[in-house]
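Working notes for the structure below.
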There are 2 protein chains.
Amino acid sequence: MTRVLVIDDEPQIVRALVINLKARHYEVDAAHDGAGALQLAAARHPDVVVLDLGLPDMDGVEVIRGLRGWTRVPILVLSARHSSDEKVEALDAGADDYVTKPFGMDELLARLRAAVRRAEPVPGDGDDVIVETERFTVDLAAKKVNRDGRDVRLTPTEWHLLEVLVRNTGRLVSQKQLLQEVWGPSYGTETNYLRVYMAQLRRKLEADPAHPRHFITEPGMGYRFEK
Amino acid sequence: MTRVLVIDDEPQIVRALVINLKARHYEVDAAHDGAGALQLAAARHPDVVVLDLGLPDMDGVEVIRGLRGWTRVPILVLSARHSSDEKVEALDAGADDYVTKPFGMDELLARLRAAVRRAEPVPGDGDDVIVETERFTVDLAAKKVNRDGRDVRLTPTEWHLLEVLVRNTGRLVSQKQLLQEVWGPSYGTETNYLRVYMAQLRRKLEADPAHPRHFITEPGMGYRFEK
DNA sequence: GGCGTCTTTGACGGAACTCTGACGCCTCCG
DNA sequence: CGGAGGCGTCAGAGTTCCGTCAAAGACGCC
């Protein structure tokens, strides 16, 4: 299901959006200020963001920059300002679309669909979705790991970590990058998390967890997944 | 250079667009009807399309469908129609953005930039920079060194040092510069560090560490990496 | 509200890495 | 010919980093 993050300080607009979006089977989170929005975005990883520029605590453009610092999620800006400069500033800061209030709900939803559609991965492009080693198989699309003919059960965090590593097969992924991708942009130094979860992955997937062949540690730098 | 395909049957609009786009260093093709547009798109593979819906020979939405049949190139629709239905139809047919005439040139250009930016591939995704010598290869992105088919393990400091040298292949890098880049700006005289770590690199990468062919010492000055 | 699962946190031993000093070699120069 | 400075090599000390375990805390489900 597509997850939308709505950011607006006017309750009636939020309510209207939430009702319309939920009726169309979107999953909706809502924030009423910039700080809460950035936090929610990090925690929930929405598929698209609807952002009102007029927020009480910070400039809307700052919110865009805050998001663009770590994600390419589509951002659809709402604003009461019709000025061309405002639009240009928001778009150049990283927004994907700009709709002026009052807006038609049909149009907004169509623009939302367009933004989501664009962000979808090209079908058949990254279809090396299945990565195999001699011991286990990872299916990125089905979110399944198979080992010795049996499905291995992974927790959400374990899966997320595995996904980042597998998508970078052969490449070193720094500790900071792993932490930020899995736990959110405000993390970066909590390397103990990595130690714990890397141990879990090894215990579940490596033949000899004490001497890993696939999940390689590069001391002081990061981790690397090798086929 | 970014290539734009402009499709409009009103000469004055085409002229205005072409002039503005060329002034901003875009490469511009122009078509005045749907058939010509589809042909030009196939021949020139533009990076973004600006499409007026009111064409003489076919419905603008048909042009969108024609393009979407084989390409995901961003399509920015221009239209005199303000009706919500028209927008929804165009967006759902595959358009990326919808601007109503009369439009501000600044805004259009900003939306164009946003569309192009979105379509850009993620930097640092698959673009590995690999430096080769006859003895070993260095992959800066994956942080990997391969020698005789085997991966060589480097410590963080060794990597950093190697990285600075490789990025300056063929050029002399002074001792002070190396120390400051690897150990931090407050270092500059601790040349013993360099001696130790340069020895490590040579031991791990050179065929005959006592007679280095790639990591050359320039006495009293610095070091140089040669392919 | 109780239970099970998942995440977070802390502590510890061991491994890996960095730093340091000593020594010998070479080159340059008086 | 002898001394000085710069460099390469080696090995050990000190520090940081990592794997492991266990337990507490948070969360969702029944």
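Order of the sequence lines fixes the chain letters, A, B, ..., with proteins taken first and strands second; residue numbering starts at 1 for each chain.
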When you check the side-chain N and O atoms of B:T217 and B:R202, is any donor under 3.5 Å from an acceptor?
yes

Student check: side-chain heavy atoms of B:Q175 and B:T189 closer than 4.5 Å
no

Considering only residues two or more places apart or on different chains, which pairs with a residue in residues 198-226 of chain B satisfy ring-ring contact (aromatic ring centres under 6.0 Å, His included)?
B:F136-B:H214, B:F215-B:F225

Report the distance from atom CG of A:L201 to atom C1' of C:dC6, rounded to the nearest whole Å.
14 Å

For a quick check of understanding: with a heavy-atom distance under 4.0 Å over all strands, which category does A:R203 fall into, base, sugar-phosphate or nothing?
nothing

Compute the centroid of each ring, for A:Y197 and then for A:W159, and state whether the two points are separated by less than 6.0 Å.
no

Basic-acidic side-chain contact under 4.0 Å: A:D97, B:R111:
yes

Among C:dT8, C:dT7, C:dC17, find the nucleotide with the atom closest to the side chain of A:Y193.
C:dT8

Given C:dT7, C:dT8, C:dT20, identify the nucleotide with an atom nearest to the side chain of A:W183.
C:dT8

How would you summarise protein contacts on nucleotides 14-19 of chain D per nucleotide, using B for base, S for sugar-phosphate only and - for none, with heavy-atom distances below 4.0 Å?
---SBB

Determine the sole option in B:L91, B:V50, B:I64 for which the side-chain contact (heavy atoms from CB on, under 4.5 Å) test with B:I75 is passed.
B:I64

Please classify the nucleic acid contact of B:W159 as base, sugar-phosphate, or nothing, using heavy-atom distances under 4.0 Å.
nothing

A:E158 CD to C:dT5 P, straight-line distance once rounded to whole Å
13 Å

Could you state the CG-P distance from B:N192 to D:dC10, rounded to the nearest angstrom?
17 Å

Are A:R224 and A:E218 within salt-bridge range, i.e. N to O under 4.0 Å?
yes

What string of B, S and - do you get for nucleotides 24-30 of chain D 5' to 3' if you count protein non-hydrogen atoms under 4.0 Å?
-------

Taking the basic N atoms (NZ, or NE/NH1/NH2) and the acidic carboxylate oxygens, is any pair closer than 4.0 Å for A:R68 and A:D96?
yes

B:T155 side chain: which of C:dT8, C:dC17, C:dT7 is closest?
C:dC17

